[in-house]
Visitor: 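Below is a structure I'd like to ask you about.
Numbered from 1 within each chain, the chains take letters A, B, ... in sequence-line order.
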Number of protein chains: 2
Amino acid sequence: MGRRVTLAEVAARAGVSPITVSRALRRPDTVQPETRARIDAAVAALGYVPDPAARALATGRSDVIGVLIPSATNAVFTDVLSGLYEGIAESRFDVQYGITRYDPATEENLLGVFLRQRPAGLIVAGIDQTPAARRLLDRAACPVVQIMETGPDPVDMMVGFSHHDAAAEATRHLIARGYRRPGFLGARMDPRTRRRFAGFRAVAEAAGLYDPDRSETTETPSSVGRGGELLRALLARHPDTDAVFCNNDDLAMGALFEAMRLGIAVPGRLGICGFNDLEMMRAAEPPLTSVRTNRFEMGALAAKMIRARLEGRDPGPALVDLGAQVQARASTAGPAAGD
Amino acid sequence: MGRRVTLAEVAARAGVSPITVSRALRRPDTVQPETRARIDAAVAALGYVPDPAARALATGRSDVIGVLIPSATNAVFTDVLSGLYEGIAESRFDVQYGITRYDPATEENLLGVFLRQRPAGLIVAGIDQTPAARRLLDRAACPVVQIMETGPDPVDMMVGFSHHDAAAEATRHLIARGYRRPGFLGARMDPRTRRRFAGFRAVAEAAGLYDPDRSETTETPSSVGRGGELLRALLARHPDTDAVFCNNDDLAMGALFEAMRLGIAVPGRLGICGFNDLEMMRAAEPPLTSVRTNRFEMGALAAKMIRARLEGRDPGPALVDLGAQVQARASTAGPAAGD
DNA sequence: TCATCTAATGATAGCGCTGTCATCGTAGCG
DNA sequence: CGCTACGATGACAGCGCTATCATTAGATGA
């Protein structure tokens, strides 16, 4: 590690004043090329790295981009984080996470904590902030991006897609493939899950195929095992259900395994569709249909929009809908002929 | 958000000097109870929260615990992170991540970046740091915990388990169940993977069942799809392989699906064992045997050890082996009778 | 040639907090 | 009753950096 090297030491070595070194580092175009060269050499020789705390104190703002997500284990969010990382790579920015555990009050709290650090930017999941949190965000003195979802009345910028429409498209797909008694499997009924359910319901109703009793949900967290339980419960009540739209891929995978256990043919007697299109879906047997959500891109774009704003470049449109695409696979090939 | 409230304003309101407020906040026992009460009231009334940057600058150390992990998407690490979060909950500490992408040079770099921030503590994955990184860690002026693995010569503290022994136990399990031609499937051959392979090999050799050609590995990242590819390749060369020890659960899951595709009975004609025991393993059909690694506990304990050290409490033993337990399930029930 | 302007650099002060030492008052003791 | 010891509080300086304004030197034009 060695001792901390300060600006002053670099300045002494380069034969200039500290403030000039500071400038050379932050706005290289404002110092003469030869001066800059001497400074760069001194920086390299001494291995100087600015102290982020001192910078934050002096400027009144940090280079931390605060990120508020509901869960750190959910594969969906980890993909977003990867994108974020990609988006801030090679920049001066850092990412700091807060996990809300799907709890609005926690989100509000964490928002306060982040805001005190005068973050460079803020990224929050979803559009369902509490009124208080919303007020904090509205007044935030930094770029804010809402991700995962699109909706009316953005705080600032927004990158996501319509969960309602994505689910609707998946449901249309099931119907187009010939399924006539579709059900819904959902866990952890957060607002995004509810909107997916609404999309499912809207399309099913329009087709005259909606049965309010043909859905099985739970407030407990989602998991593969849960998917199996939900399917079993649904089939116990409605053995004639011929397809399930699952709120996410874990549930879909669990449903597939449960179907195997029950000796139910997929897709012949039961169609299965997931949501998010994690890698495993394609590799399953039969390969599982899912809805591709562009999570990595979402994170990367959110980071880039914030960077663009902070670096004075054009961030592009403030509201980006990345859409979602049904990836049709064998698990929804359609009911067997002798349906 | 509102304006930032400073120590001085709190002090003015409480009728004391700023330094007393500072003390009241950090070491409440050093100020008189009534003074403290007045200060607490002022803090609450004004909604004061200390500025972390100013504190870091003044003390020369931050409250950030730096965490270096290879991947943010791998479920294994996200579980560790959850544990970490749990471990620092309700404390003044924050966690900041660096992703090394399994690249020692990146790790070395990030280590430098973290160290400049004078972190409160450092958590690094594994024991395979470069010599330079090792030197940095040895000289770090903060508690350091190596996680994921145990080994000789810890930098400071260590929480993990022996990958070699865990794999050895899994292999013994396969043999005990009657499998006689076990193979190995591995992707992303990082040091931990190699040690697992070594454990597999040691036990297989001791039993006279090791065939150096009966393993299929790749440097590419692990995934469910990859597991299928590896199994297919292995079986193409050695159709008589009767069990596979997979380097992780994704590969095992992929192997299971591939076996289905090939019409190979699991566990009758092929036993499958994974590693890590992710939730999905139990829910699969057949349920998949795996090796439980205590990831959440690992993260939580690492954080607690650092906290204990920083808060002057006894951190307990410096080297904790959390072990790993084979979770025997149907996928390794043993070869079919007519083997 | 001289005033005027611009680009490059420097001096000063201060961000909000804490380490260090000084000060003050009072309890305890001979 | 005077002195020491100690607990409680305060004054001061400074952490490393940058915002702001001042200064300097050279370029420009009438």
Visitor: Quick one: do Asp190(B) and Arg195(B) make a salt bridge, cutoff under 4.0 Å?
Guide: no

Visitor: Starting at CZ of Arg23(B) and ending at C1' of dC12(D), how long is that distance when rounded to a whole Å?
Guide: 13 Å

Visitor: Where do Leu122(A) and Leu115(A) come nearest, in terms of heavy atoms and distance?
Guide: CD2-CD1, 3.5 Å

Visitor: Inspect the contact between Arg118(B) and Asp51(A) and indicate whether a charged nitrogen and a carboxylate oxygen are less than 4.0 angstrom apart.
Guide: no

Visitor: If each of Ala58(B) and Ser17(B) is mapped to the nucleotide of DNA chain D with the nearest heavy atom, which maps nearer the 5' terminus, i.e. the 5' end?
Guide: Ser17(B)

Visitor: Would a line drawn from the ring center of Tyr97(A) to the ring center of Tyr97(B) be shorter than 6.0 Å?
Guide: yes

Visitor: Between Arg134(B) and Asp138(B), does any NZ, NE, NH1 or NH2 come within less than 4.0 Å of an OD or OE carboxylate oxygen?
Guide: yes

Visitor: Just how far, in rounded Å, is P of dC21(D) from CD1 of Ile19(A)?
Guide: 14 Å

Visitor: What is the separation between atom CD on Glu9(A) and atom C1' on dC15(D), rounded to the nearest whole Å?
Guide: 14 Å

Visitor: Describe the nucleic acid contact of Arg26(B) in one word from base, sugar-phosphate, nothing, applying a heavy-atom distance below 4.0 Å.
Guide: sugar-phosphate

Visitor: For Ser22(B) and dT18(C), is the shortest distance between a side-chain N/O and OP1 or OP2 below 4.0 Å?
Guide: yes

Visitor: Can you check whether Thr73(A) reaches Asp79(B) side chain to side chain, under 4.5 Å on heavy atoms?
Guide: yes

Visitor: Taking atom C1' of dT9(C) as reference, at what distance in whole Å does atom CG of Leu25(A) sit?
Guide: 16 Å

Visitor: How many whole angstroms separate atom CD1 of Ile39(A) from atom P of dA8(C)?
Guide: 13 Å

Visitor: Pull out every residue in residues 43-56 of chain A that has a heavy atom closer than 4.0 Å to any atom of DNA chain D, ordered by number, or say none.
Guide: Tyr48(A), Pro50(A), Asp51(A), Ala54(A), Arg55(A)

Visitor: Starting at atom CG of Leu57(B), determine the distance to atom C1' of dT18(D), rounded to an integer number of angstrom.
Guide: 12 Å

Visitor: Has Thr59(B) got a side-chain N or O lying under 4.0 Å from the OP1 or OP2 atom of dG19(C)?
Guide: no

Visitor: Atom CG of Asp29(A) to atom P of dT9(C): distance rounded to whole Å?
Guide: 12 Å

Visitor: Looking only at side-chain N and O atoms, does Thr6(A) come under 4.0 Å of OP1 or OP2 in dG16(D)?
Guide: no

Visitor: Only one of Glu108(B), Glu107(B), Arg135(B) forms a side chain to side chain donor-acceptor pair (under 3.5 Å) with Thr130(B), so which one is it?
Guide: Glu108(B)

Visitor: Does OP1 or OP2 of dA7(C) have a side-chain N or O of Gln32(A) closer than 4.0 Å?
Guide: no

Visitor: Specify the separation, in whole Å, of atom CZ of Arg118(B) and atom C1' of dC15(D).
Guide: 10 Å

